[in-house]
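The sequence lines fix the lettering, A, B, ..., with proteins before strands; numbering per chain opens at 1.
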Number of protein chains: 2
Amino acid sequence: MTPVATVQRRPPSAAYLALADEVERDVAQLPAGTLVPSEHELAGRHGVSRLTARAVLQELERRWVVRRVQGRGTFVARRIEYRIGPDIPASWTETVRRAGAEPRSTTERVATVRAPGWVRRELALPARATVVHLVRRRTVDGEPATWAESWLPADLVPGLAERLPAEGSLHHVLHDVYGLEPVRAWYRAELDVAPDDVAVRLGLRARPLALVLQGRLDSRRLGRPVELTRSWARADLFRIVFEMGSAT
Amino acid sequence: MTPVATVQRRPPSAAYLALADEVERDVAQLPAGTLVPSEHELAGRHGVSRLTARAVLQELERRWVVRRVQGRGTFVARRIEYRIGPDIPASWTETVRRAGAEPRSTTERVATVRAPGWVRRELALPARATVVHLVRRRTVDGEPATWAESWLPADLVPGLAERLPAEGSLHHVLHDVYGLEPVRAWYRAELDVAPDDVAVRLGLRARPLALVLQGRLDSRRLGRPVELTRSWARADLFRIVFEMGSAT
DNA sequence: GAGTGGTCTAGACCACTAC
DNA sequence: TAGTGGTCTAGACCACTCC
């Protein structure tokens, strides 16, 4: 959509906000990954204290305009757009690569276990059924980006551990290898501050804002649940668009 | 869902993070709106500088645990849950009130205007058609919370300006007064840093994180578009849950 | 070792809200 | 007027990355 009315800008009262707006404009046309002036340089060039210069860069980090790494510097940031809708989303790996970044998936665990009660209920499995518990971590340009857990009925995916290539899409495997024709049964997205344990699993010190994505896939062919998932995706790295239907 | 494995906590390295965790635990059981110790008090009680105490409260504000107001203090915060799905969502006013907060809606503009091109296309209107342009601002406990624009075909809602009570739900009016039986045609949600003009319209100095919610409602009875909307909702005030289908 | 961001201090003045 | 948070300074030491 397009904005209709314009509103007069008010000049920021604080020095650090005025400087932040200035740097944001300067940085807007630079490609992602470009090095931004350091705190010390900003301070010297604009005659402010280092703390003020620091406040500028922190403000821009809050706006997701830059990303800061201790010991390395401050860099221009861009979020990767990722659409989620009633249909199965496009491959994560492909989406990230198309955005010009380097995706990497690592499977931290593939184990066949007795299904916990709530998983059994959600997957409509009989008592004492086993499920494949899958834990995967994904990075973008080496930066931890998502952490995901899935549960699949073990009888539907025999030998999944061997068949799941490290780089491949789980959905492709379910579709092409096992012929399950997965479709969305339900899904749910919500924004939250990552709890401490998720931050640890992501290898982060801070507690990032993250989207919690949960859902279940059913097999169109078999008419039964195939996968139950919950994943955490950092909101500063992904611009997740949740949509249903489509505009004219 | 329920977490499956636990992860060992690491003690925060920085003093302000350790203190933030401590205060967060203390504050967890207090009701929303409770006054939290001030920067000065925190500093004195824990033998740290005011800047460190300030860093603690700012960290908790980033985690949406507290809300800070200049001149008044720091207060325990709770986000209001608001579900969005294929069906028309529950009344905003009712949802906020049920959460124990005081909602207020003000209509800033109700005007019949010539439809801009993109609105005309989306609403499938003929050339030179007129639409009702509706701009509404909502507050929660006096705090600006959302800013929304809607466009409706003028011929479908004659006399809307008089019929739209300040406190009432637009959807109820469309359904009960005009008998339009509105249903969702499409919708889309996305998280973003509010642009400067939206921040101004919300009456805020900072640039809050906000959910951009867009969509179109069609009349089931008439089979034609009824309302096109775009709204911004502050992510620190609302826990917006986006869902499709439902878990078992 | 040089440069980056992360933490922390002591102190100052200001803007805003309440009473 | 007193108390709150918001901005800003000058300086210090630390942790981390890269060469």
Taking only N and O in the side chain of [X], is any of them less than 4.0 Å away from OP1 or OP2 of [N]?
| X | N | result |
| --- | --- | --- |
| A/Thr52 | D/dT9 | yes |
| B/Thr74 | D/dG5 | yes |
| B/Ser38 | D/dG3 | no |

### Task
Could you check A/Gly71 against A/Leu51 and say which one's nearest nucleotide on DNA chain D is further toward the 5' end?
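Its nearest nucleotide being more 5', the pick is A/Leu51.
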### Task
Map B/Val69 and A/Tyr16 onto DNA chain D by nearest heavy atom, then report which one ends up closer to the 5' terminus.
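Here B/Val69 is the residue nearer the 5' end.
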Any Lys/Arg nitrogen of [X] or [Y] sitting under 4.0 Å from an Asp/Glu carboxylate oxygen of the other?
| X | Y | value |
| --- | --- | --- |
| B/Glu143 | B/Arg67 | yes |
| B/Arg207 | B/Asp192 | no |
| A/Asp197 | A/Arg201 | yes |
| B/Arg188 | B/Glu190 | yes |

Looking at the side chain of [X], which of [options] is the nearest nucleotide?
| X | options | value |
| --- | --- | --- |
| B/Arg205 | D/dC8, D/dG6, C/dC16 | C/dC16 |
| A/Arg72 | D/dG5, D/dC18, D/dA10 | D/dC18 |
| B/Arg68 | D/dG5, D/dC8, C/dT7 | D/dG5 |
| B/Leu57 | C/dC8, D/dT9, D/dG5 | D/dG5 |
| A/Gln70 | C/dC8, D/dC16, D/dG5 | D/dC16 |

#### Entry: Terminal helix-axis angle for the helix from C/dG1-D/dC18 to C/dA18-D/dT1, with five pairs defining each axis and rounding to 10 degrees
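Nearest ten degrees gives 10° for this helix.
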### Message
Once hydrogens and angles are ignored, does a donor-acceptor distance under 3.5 Å link the base of D/dG6 to the side chain of B/Arg50?
### Response
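Per atom types, the contact qualifies.
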### Task
Measure the acute angle between the ring planes of B/Trp92 and B/Phe238, then classify it against the limits of 30° and 60° as parallel, tilted or perpendicular.
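Ring orientation of B/Trp92 relative to B/Phe238: tilted.
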Nearest-Å distance for atom pair [atom1]/[atom2], residues [X] and [N]:
| X | N | atom1 | atom2 | value |
| --- | --- | --- | --- | --- |
| A/Arg54 | D/dT7 | CZ | P | 15 Å |
| B/Leu35 | C/dT17 | CG | P | 16 Å |
| B/Leu19 | C/dG6 | CG | C1' | 17 Å |
| A/His40 | D/dC14 | NE2 | P | 19 Å |
| A/Leu42 | C/dT4 | CG | C1' | 13 Å |
| A/Glu39 | C/dT7 | CD | P | 11 Å |
| A/Gln58 | C/dC8 | CD | P | 13 Å |
| B/Glu59 | C/dT7 | CD | P | 9 Å |

### Task
Among A/Glu61, A/Glu59, A/Glu39, find the residue that satisfies the salt bridge (charged side-chain N to carboxylate O under 4.0 Å, His left out) test when tested with A/Arg68.
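The salt bridge (charged side-chain N to carboxylate O under 4.0 Å, His left out) with A/Arg68 is passed solely by A/Glu39 among A/Glu61, A/Glu59, A/Glu39.
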### Message
Nearest 0.5 Å, please: how far is CG in A/Leu202 from OG1 in A/Thr139?
### Response
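A/Thr139 OG1 to A/Leu202 CG: 11.0 Å, rounded to 0.5 Å.
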#### Entry: Backbone N/O of B/Pro144 and side chain of B/Arg234: donor-acceptor pair under 3.5 Å
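Judged by distance alone, yes, a pair lies under 3.5 Å.
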### Query
Which part of the nucleic acid does B/Ala55 contact within heavy-atom distance under 4.0 Å: base, sugar-phosphate only, or nothing?
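B/Ala55: no heavy atom of the nucleic acid under 4.0 Å.
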